[in-house]
Every structure is written in structure tokens, then in C-alpha cells.
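This one's a predicted model, so the numbers in the text were calculated from it and none came from an experiment. Proteins get letters first, then strands, A, B, ... in listed order; numbering begins at 1 in each.
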There are 4 protein chains.
Amino acid sequence: MSKTPEQIAREASAWWTTEIVDIQPGRIGIRGYPIEQLIGRLRFPEMIWLMLRGETPQREQADLLEAALVAAVDHGPHAPSIAISRMAVTCGLPINGAMASAINALDDIHGGAGEQCMELMQQVAAAVEGREPTLELVERVLDEYTAAHGKIVPGFGHRWHGTDPRAVRLLQLVRDAQARGVVDGRFATIGTLVEEALGRRKGTRIPMNIDGATAVIYLELGFPAGLGRGLFILSRSVGILAHAWEQKQQGGRIKGPMPPSVPYTYTGPQARDLR
Amino acid sequence: MSKTPEQIAREASAWWTTEIVDIQPGRIGIRGYPIEQLIGRLRFPEMIWLMLRGETPQREQADLLEAALVAAVDHGPHAPSIAISRMAVTCGLPINGAMASAINALDDIHGGAGEQCMELMQQVAAAVEGREPTLELVERVLDEYTAAHGKIVPGFGHRWHGTDPRAVRLLQLVRDAQARGVVDGRFATIGTLVEEALGRRKGTRIPMNIDGATAVIYLELGFPAGLGRGLFILSRSVGILAHAWEQKQQGGRIKGPMPPSVPYTYTGPQARDLR
Amino acid sequence: MSKTPEQIAREASAWWTTEIVDIQPGRIGIRGYPIEQLIGRLRFPEMIWLMLRGETPQREQADLLEAALVAAVDHGPHAPSIAISRMAVTCGLPINGAMASAINALDDIHGGAGEQCMELMQQVAAAVEGREPTLELVERVLDEYTAAHGKIVPGFGHRWHGTDPRAVRLLQLVRDAQARGVVDGRFATIGTLVEEALGRRKGTRIPMNIDGATAVIYLELGFPAGLGRGLFILSRSVGILAHAWEQKQQGGRIKGPMPPSVPYTYTGPQARDLR
Amino acid sequence: MSKTPEQIAREASAWWTTEIVDIQPGRIGIRGYPIEQLIGRLRFPEMIWLMLRGETPQREQADLLEAALVAAVDHGPHAPSIAISRMAVTCGLPINGAMASAINALDDIHGGAGEQCMELMQQVAAAVEGREPTLELVERVLDEYTAAHGKIVPGFGHRWHGTDPRAVRLLQLVRDAQARGVVDGRFATIGTLVEEALGRRKGTRIPMNIDGATAVIYLELGFPAGLGRGLFILSRSVGILAHAWEQKQQGGRIKGPMPPSVPYTYTGPQARDLR
């Protein structure tokens with residue numbers, strides 16, 4: 001604590017360091033650009049890209065990112081995040097609180113599949129070492145992956161949908177973009193091979209789902225795996241907000257997961273007295 | 001609890017009711033549209049609009065919404081939400097947890113100004129009753145508003161910026177859209193009159209800020225005040241994510257608000273012994 | 001920004017000011033007491049009291065506080081907070097994240113009844129002005145309260161329990177403490193009168209519930225209304241933790257509010273095509 | 001979806017299953033005990049034990065648990081959790097929201113050290129296989145642990161305190177309890193050996209801290225490692241609440257991590273124009 005005031009002032013300023021935003025009276029610079037130049041010229045997905053990566057994307061790169069953001073906004077009240085958002089509103093929470101509690105639930109299991117699928121596909125890409133990916137190579141990486149992470153392969157299969165219509169459409173957009181030279185299609189190929197390998201193993205089709213398809217897009221666009229979860233959250237936040245708002249219009253107080261008429265099951269000790 | 005199984009099953013299904021999304025095996029309908037028709041065709045702001053309001057906007061309406069979403073993404077680490085996001089990462093939280101803690105902080109004071117400003121402008125609009133808004137009328141509504149809510153008028157003034165460059169640019173876009181018949185400019189006029197009235201009162205210019213300018217846009221586009229906060233959160237989430245990610249790259253463990261070298265001030269009782 | 005380093009250093013230290021805790025290398029003072037004197041000598045409720053109020057309570061005051069803390073720990077999985085805690089675990093959240101999402105839900109409606117009931121009883125106490133509270137006076141305050149806050153009177157009635165066994169027992173403990181001179185019983189009397197007044201109005205008994213009974217205790221002990229919610233949270237956190245832990249042992253992934261076999265009700269537009 | 005109403009009703013009830021609490025109209029059973037028998041008779045730490053473990057502890061076991069809960073309530077505003085709690089209040093959050101955002105931050109790094117230390121000590125205990133633990137054996141387990149988890153050994157050392165006065169006092173209480181036959185002292189011995197081994201490695205004393213000492217107590221009392229974090233949260237919640245409440249009394253709006261007079265450091269691109 002025997003620092004000089006100069007040292008303390010310097011350390012305090014250095015404690016918070018950022019390359020993202022520079023704020024001075026009357027001036028807000030985003031990655032160097034005056035914000036007023038960006039407003040009305042950058043699309044929202046382009047702004048997301050600039051904020052996360054430091055430079056603006058090309059128009060067709062932003063188109064792909066936008067398609068992925070549009071695709072994942074909602075999956076209904078059976079999803080814990082959506083249900084939590086609605087229950088929170090009936091507890092009196094404002095929109096920010098409901099969104100916070102819901103987004104908090106987008107952790108490894110409920111929000112991490114895209115990120116994990118990106119890691120898996122990056123493992124395949126690393127094993128490929130510039131060659132063409134093959135089914136054999138994908139099988140080998142899958143063996144390693146399931147040995148380390150268990151049987152569930154993130155990004156493939158869905159308990160609701162035989163075929164995920166979002167994934168089909170997104171893959172088609174990736175192939176279109178590849179045809180126009182926007183992306184090279186490497187991860188789309190890897191994803192398709194993983195799907196094929198899983199189908200062989202299980203003896204039935206385990207189709208790529210929304211997490212797998214957005215993982216392909218984010219990798220094709222050069223995003224690191226760690227941002228996969230964040231991009232998913234930006235997308236799903238829209239559904240979380242829409243459901244919070246709808247619940248607010250519906251009203252209701254202290255809405256539990258099931259109606260009071262549906263009892264839960266108690267399996268603890270029989271009634272007893274404190275000795 | 002003496003309900004029949006039929007009643008229980010019916011009540012359980014009716015407990016969760018939504019107009020937003022219909023999910024069946026292999027089919028996801030968003031406000032009636034098959035999701036695969038929306039992906040790659042709707043822009044992200046259009047999807048946000050559809051989710052929140054049930055119908056898609058016109059192209060130029062979506063442009064204005066997009067400009068507002070772009071404008072509010074970040075205001076640096078002095079903002080508690082951004083700081084909380086970064087501190088949370090150094091505590092070991094994943095991206096979803098950091099974003100949740102940060103978004104939670106966007107409550108009445110840190111995230112509610114836009115919504116409150118929309119309410120104020122709606123009060124003015126209601127008082128206008130179809131006539132042209134005048135400075136006198138705005139003064140009267142302001143008197144009522146400050147009597148009920150205190151001296152701080154949300155959406156005007158800023159402790160950092162004399163003029164908020166975001167607000168200037170956004171207002172210009174509203175006037176452009178008005179010239180093209182996209183919006184009618186009513187709330188832009190109201191906002192300008194509030195600014196003028198505040199300037200008179202304080203004897204110095206209290207310029208419209210980002211919350212005021214986005215409030216104008218959201219009202220011109222027909223959003224209810226209650227969604228003002230939610231739209232702001234969708235925008236600021238981008239900054240919260242970018243800073244969480246940057247902090248993750250920087251590393252750091254258990255990063256407090258100030259460096260350990262800067263002591264806090266203890267003003268409690270002198271050291272004493274438990275009797 | 002043209003401050004001297006001395007000013008910056010001073011302002012930085014003054015930015016965080018507390019009377020609660022003084023930390024120096026090798027020394028932690030809680031409200032002036034060396035922490036090692038408190039450990040093993042203060043009971044947990046006494047520590048809670050010291051932290052919140054600056055001085056330690058008398059033994060019998062701590063007994064009453066402890067009874068209130070014990071009483072409110074859990075109300076089963078129909079309570080949104082408990083359900084959120086369990087759902088969060090199945091999304092992959094660690095204990096801290098599950099507890100955070102759940103505690104967030106203890107807002108005005110689900111966690112604020114105790115605080116609101118304290119405010120109502122304080123209004124009665126203020127109207128009494130030192131005289132003996134009467135049913136007429138309570139009726140008058142109730143009229144004012146419901147005019148301002150709506151028909152629901154916090155702290156009385158319960159959708160599950162005719163009589164709340166927790167409230168009965170807690171009231172008995174307050175009366176016992178009153179007989180021993182620990183508290184003066186003023187708020188117990190007010191609570192009983194409110195119960196009587198409500199029964200008259202509705203033509204049926206609206207018994208005091210856990211929120212009402214703990215409100216009586218906290219007021220008898222001199223806690224401000226604003227701490228009622230916080231004390232409830234300290235208590236309910238125990239249940240939130242126990243259920244999070246039990247769910248972790250049970251396993252389960254992405255557990256929605258209802259089993260997948262129970263459909264929700266979609267009431268939005270019929271299936272349609274994007275034009 | 002072709003289930004009968006009977007099946008749906010049964011599945012819905014079975015979806016939520018608990019051994020903790022049984023709620024019927026007019027009856028609340030906690031682990032089988034009517035709640036009114038517990039109120040006023042169980043101490044708060046005994047209730048915590050009953051909720052988490054299903055049975056009540058002996059009086060002296062509860063004393064040790066209570067000492068640990070008292071010890072960890074607060075470590076000042078440099079701790080991110082405490083700072084977040086205070087910042088949240090200045091953003092307009094109610095007590096529940098401030099506590100939620102703060103508790104969320106008690107993740108692996110800021111709230112997980114106790115749990116991790118319990119796992120380490122359990123590894124030592126498993127390696128001991130009933131024999132007396134020795135320094136050599138502890139060294140070997142430490143090697144394995146740091147190989148798997150990195151150089152930081154949770155529960156030992158502190159960036160503020162040379163000796164942690166809380167740990168010294170808690171260890172003394174464990175030894176006292178051991179002398180009275182309440183615990184067997186096995187983990188106290190293991191903890192002391194770890195401390196010795198670390199001191200040898202670093203050539204300077206790396207004393208057991210609060211996380212290490214509470215880990216010893218929780219293990220001596222038979223708690224699983226996974227509950228270490230939860231018990232810490234119950235304790236630290238008291239400090240989080242006290243600081244939220246103090247900040248509310250102090251006032252302040254949108255309080256960032258450092259005063260506005262202390263600038264942060266921007267290291268991004270120089271100002272540039274959007275092409």
C-alpha cells in the first residue's frame with residue numbers, strides 16, 4: 001500500500017483495458033470507427049461481427065451469419081430457458097431479470113452444444129491436415145471424442161425432430177455461399193461426414209440439428225469455438241424476450257412449472273416426529 | 001386433487017399457452033411461418049419484429065429498427081453491466097453466466113431509461129389529442145412527470161457527452177424516414193420539444209441521448225413502451241458478449257472492481273473486542 | 001480528467017466505502033470485531049444480525065430470528081424458484097448458477113410478500129400513534145392500502161393451506177417471547193387484527209401465512225421492511241440449494257417444466273407461407 | 001403423443017420427484033417431520049443439515065458447521081461478488097436481483113476453491129487407504145493434482161493475508177471437537193500435511209486459508225465435496241446482502257467499478273473512418 005499517488009492512478013487506469021470501445025466526451029469509437037458512421041450503415045449482424053472480431057465482414061459473410069442468428073431464436077416452452085423466462089415474469093421480475101435468469105440456463109447442456117460441435121469439427125479439421133476429409137478419419141476423431149466426452153455427440157440428433165428443418169435450410173445456404181466463393185465448404189463437408197459416421201454406428205439416421213448447422217456456419221466464417229455459445233445466446237435472447245413479453249400480457253402470478261392440480265411425487269421418509 | 005386424468009391432462013396442456021411458436025416433429029412454425037421459409041430471407045431485425053409483434057415489418061421499418069439496435073451496443077467498462085460481465089469471467093463463469101449477471105443489471109436505472117422515455121412521450125402524445133404538440137403542452141406534461149417521478153427526465157442529458165453523437169445520427173435517420181413516408185415524425189417532434197423545454201428550465205442545453213433517440217424510433221415504429229427495455233437489452237447484449245470474450249482472452253482471476261493496490265475506505269466502528 | 005494523481009487516488013479509494021468490513025493483511029474486522037473472536041462464539045443468526053445491523057443481538061432475540069429463518073426454507077417444486085433451481089441444474093449449471101437463477105425469481109410477487117406485509121403493518125403502527133391498535137383503525141389502513149396496492153393483502157391467505165402451520169407456530173413463539181419481555185407483541189397484535197379485518201371483509205377466514213408471521217417477527221425485532229426480502233432469501237436459499245443438489249443426484253438433461261409427453265397449447269396463427 | 005390421459009397425468013406427476021418436502025393442504029413435511037415441530041427447536045444450521053442430508057445432526061456437529069458458516073460471510077468490496085452486489089443496487093435492482101447477480105459469480109474460481117480443496121483432500125484420504133497419512137503420500141497426491149489441475153492448489157495461500165485468522169481459529173475448533181470425539185481429525189491432519197508439503201515446495205509458508213479450513217470441517221462432518229460450494233454460498237450470501245443493503249442506504253446511480261474520474265485504458269485501433 002506504500003505506492004505513490006502516481007502509481008495508484010496509473011494502476012487504476014490500467015486495471016480496465018479494452019480494444020473495443022473508446023469513449024471521450026462527445027465521441028464514441030467502436031473498434032476505431034466513430035459510432036455515428038456505423039449507425040444506419042452497418043447491419044446488425046455486421047455490428048455484431050465488428051464488435052466480436054475487430055473488422056467488418058463482407059456483405060455475403062454477414063448474410064450467412066444473419067441466417068444462423070435468425071434460425072435459433074426459439075424452440076418453445078418445453079425448453080427450460082423459455083420456461084424460466086415466463087415463470088420469472090409471473091414472479092414479478094422485469095424483462096431484464098427474466099432474460100437474465102433464462103440466459104443463465106444456456107450452459108453446457110442447454111446452450112453449449114454448438115460450441116462443443118465446433119470443437120469437434122475443429123478436431124477433425126486438425127486431423128485432416130490439409131487433405132480431403134474422409135469417413136475413416138472422421139470415425140477415428142469421433143472415437144477419440146466420445147472416449148473423452150461420452151456418447152452424446154453435440155450437434156446431431158434431436159429428441160423432437162427426425163429431420164431438423166433449420167439445419168437442412170442452413171446447410172443449403174452454406175453450399176450456395178460456397179458456390180459463390182464466400183466460404184470454402186470445408187466444415188459443411190466435415191459435418192456431413194460426421195452425420196454419415198453416426199448413422200452407420202447407430203444403424204439409423206442421426207441428422208445434423210440446429211447446433212450442428214450453426215456450428216458449420218460459424219466455423220466457415222472463422223469464428224472461434226468459444227464464441228459459438230455467445231452467438232447462440234444473442235439469437236435465443238429474441239425468443240426469451242418474446243416469451244417474457246407474451247407472459248406479461250397473459251398475466252398470472254407465481255406460475256409454477258405445472259398447474260397446481262398436477263401433484264408432484266414425494267418419495268421421502270414417511271411422516272415422523274422429531275424426537 | 002380429485003380431478004379426473006382427462007382434466008389433469010387438459011389442464012397441464014393449457015398451463016403453457018403461446019401464440020409465438022408451434023413445434024411438431026419435423027416442423028417449427030414461427031407465428032405460423034415454417035422456419036425454413038424465414039431462414040435466409042428475413043433479416044435479423046425483421047425476425048425480432050416478427051417474434052415480438054406477430055407480423056413482419058416493411059423493409060424501411062426494419063432499417064430504422066436496425067439502426068437503433070446498432071447504436072446501443074456498448075458504452076465501455078465504466079458501465080456497470082459491462083464491468084460485471086468482465087468481472088464474472090474472471091470468477092470462472094462461462095459466457096452465458098457472465099451475460100446473465102450483466103443483463104440482470106439492466107434494470108430501471110441502468111436499462112430502463114428508454115422505456116421510461118417512451119412512457120413520457122406517450123403521455124405527451126395522449127395530451128396532444130391529435131393536435132400539433134406545442135412547447136406549452138410539453139411543459140405541462142413534464143411538470144406532471146417530474147412531480148410523479150422526480151427530477152431526472154429519462155432520455156435526456158448524459159454525464160459524459162455534451163452532445164450524444166448517436167442521438168444526432170438516429171434523429172437524422174428518423175427525419176429521413178419521415179421524408180419518405182415510413183414514419184410520421186410525431187415522436188421526433190415531441191422529443192425535440194422535450195429537449196427544448198428542458199433546456200429552458202435548466203438554462204443550458206440538455207440534449208437528447210441514446211435512450212431518448214431510440215425511444216423516438218421505437219415509438220415511431222409502434223412498439224409498446226414495455227418492449228423498449230427488451231430491445232435495448234438485445235442491443236447491449238452484443239457489447240456484453242464482446243467484453244466477456246475480450247476479458248477471457250486477457251485472462252485474470254477474481255478481478256475486483258479496482259486493483260488491489262487501491263484501498264477502499266472503511267468507515268465503521270474502531271477495532272473492538274467481543275465482550 | 002485534469003485531476004492530479006493525488007485526487008484520482010483519493011477519489012478511487014472513496015468510491016468504495018463501507019462500515020461493514022475492514023480488511024488488512026492478516027486482519028479481518030467485522031463491524032469492528034476481529035473475525036476470529038466471532039467464529040465459534042456467535043451463532044449464525046447472530047452473525048447475520050451483526051452484519052445487517054452493526055451490533056450483536058441478545059440471545060432470545062437471536063432465537064426468534066432463527067425460528068423465522070428455519071420456517072421458510074422450502075415450499076416444494078411447485079414454487080417457481082425451486083423449479084428453476086432444478087431445471088437449471090439439468091441445463092448444466094453449477095450450484096452457484098442454479099441458486100442465482102432461482103434467487104433472482106424471488107422478486108415482488110414471489111419473494112416480496114414479507115417485505116410488503118412489513119410495510120402494511122408499519123402503516124398501521126404509524127396510524128396507531130402510541131395508542132392501542134383497534135379493528136376500526138386497521139380497517140381504515142387496509143382501505144388505504146388496497147386502494148394504493150390492489151386487493152391482494154400480502155402476508156395473509158394461501159392458495160394451498162387453509163391454516164399455515166408455520167404461521168401458527170411462529171405466532172406462538174412471538175407470544176412466548178413477549179411473555180418473557182423479549183418483544184412487546186405490538187406487531188403480533190396488529191397482525192391478528194389484520195387477519196380479523198380481512199375475515200370480516202371476505203366472510204371467511206383469511207389466515208396469516210408464513211410471510212405474515214415472519215413479518216411480525218422481523219418487525220418485533222426492529223428490522224426495517226427493506227430487509228424482509230433479504231432475510232427470506234437467506235432462508236429460502238437453503239431449499240433452493242437442497243433441491244439443486246437432489247436434482248444433480250437424480251440426473252436428467254434439459255428438463256423442461258413438463259414432461260415431453262405433455263404438449264403445450266399453441267394458439268397463434270394457422271400455418272401460412274411467407275409471401 | 002398418443003398417450004392416454006391416465007398416462008399423461010402419471011408422467012406429469014412423476015416428472016417432479018423429491019425426497020425433501022411433502023406439501024399437502026395444512027401440512028408441510030420436511031424430510032418427514034412436520035415443519036411446526038422444527039420451528040423453534042432446530043437451529044438454523046441444523047435445518048440446513050436436515051435439508052441437505054435427510055437427518056438432523058448432533059449438537060456438536062451443528063456447532064462446527066455453524067462456525068464454518070459464520071467464518072466466510074464477507075471479504076470486502078474487492079471481492080467481485082460483493083462489488084457486483086453493490087453495483088447492481090445502483091442499477092435499480094431489488095435485493096433479490098443484486099444477490100442473484102452476485103451469487104452467480106461464485107463459480108469455479110471465486111466460489112469453487114472450497115469444493116476443489118475437498119476433492120483434493122478426498123484424493124489424499126483415498127490414497128491413504130486406512131493407514132496414517134504421511135508427508136510423502138501427500139506429496140505424491142499433490143503431484144497428481146497439479147499435473148491435472150495446474151499449479152494453484154485450492155484452499156492454501158492468500159493474496160491478502162499472510163496467515164488467515166479465520167483458518168487458524170477454525171482449525172483450533174476442529175481439534176477441540178476431535179478431543180471430544182465429535183470428529184476424528186483425519187482431514188485436519190491431511191490439511192496440515194498439505195500445508196507442510198506446499199511450504200517445502202515453495203520455500204515459504206503457504207498457509208491454509210478459509211477455503212481450506214472450511215473444507216476440513218465439511219469433510220470431517222461427512223459432507224460430499226459437491227456441497228462445499230453450496231455451503232459457502234449460504235455463508236457469503238450474508239455479506240452479499242449486507243453490502244447490497246448498505247449500498248441502498250448510501251444511494252448512488254449507475255455506479256461503475258471505478259469513479260468516472262479514473263479513465264480506463266483503450267488499446268484498440270486509432271480513430272478511423274468507415275470506408
* Exceeds 12 heavy-atom contacts within 6.0 angstrom, atom CD of A/Gln270 -> no
* Measuring heavy-atom distances to chain C, does A/Ile152 have an atom under 4.5 Å in its side chain, in its backbone, in both, or in neither? -> side chain
* Asked: To the nearest 0.5 Å, what is the distance between CD1 (A/Ile8) and CD1 (C/Ile8)?
  -> 11.0 Å
* Structure fact -> If you tally heavy-atom pairs under 4.5 Å between each of A/Gly256, A/Pro257, A/Gly76, A/Ala79 and chain C, the highest tally belongs to A/Pro257
* Looking at C/Lys255, C/Arg253, C/Met258, which has the largest count of heavy-atom pairs under 4.5 Å with chain A? -> C/Arg253
* **Which of A/Ala83, A/Ala88, A/Pro77 touches chain C most, by non-hydrogen pairs under 4.5 Å** => A/Pro77
* Structure fact -> For A/His78 and C/Pro259 the tightest heavy-atom approach is NE2-O, 3.5 Å
* Please check if the side chain of A/Asn104 supplies one atom and the backbone of C/Gly97 the other of a donor-acceptor pair under 3.5 Å. => yes
* To do: Decide yes or no for A/Asp107 and C/Pro94: does some side-chain heavy atom of the first lie under 4.5 Å from some side-chain heavy atom of the second?
  => yes
* Taking the side chain as every heavy atom from C-beta outward, state whether A/Pro80 and C/Ile254 have any pair of such atoms under 4.5 Å apart. => yes
* Please name the pair of heavy atoms, one in A/Ala105 and one in C/Cys91, separated by the smallest distance, quoted to 0.1 Å. => O-CB, 3.1 Å
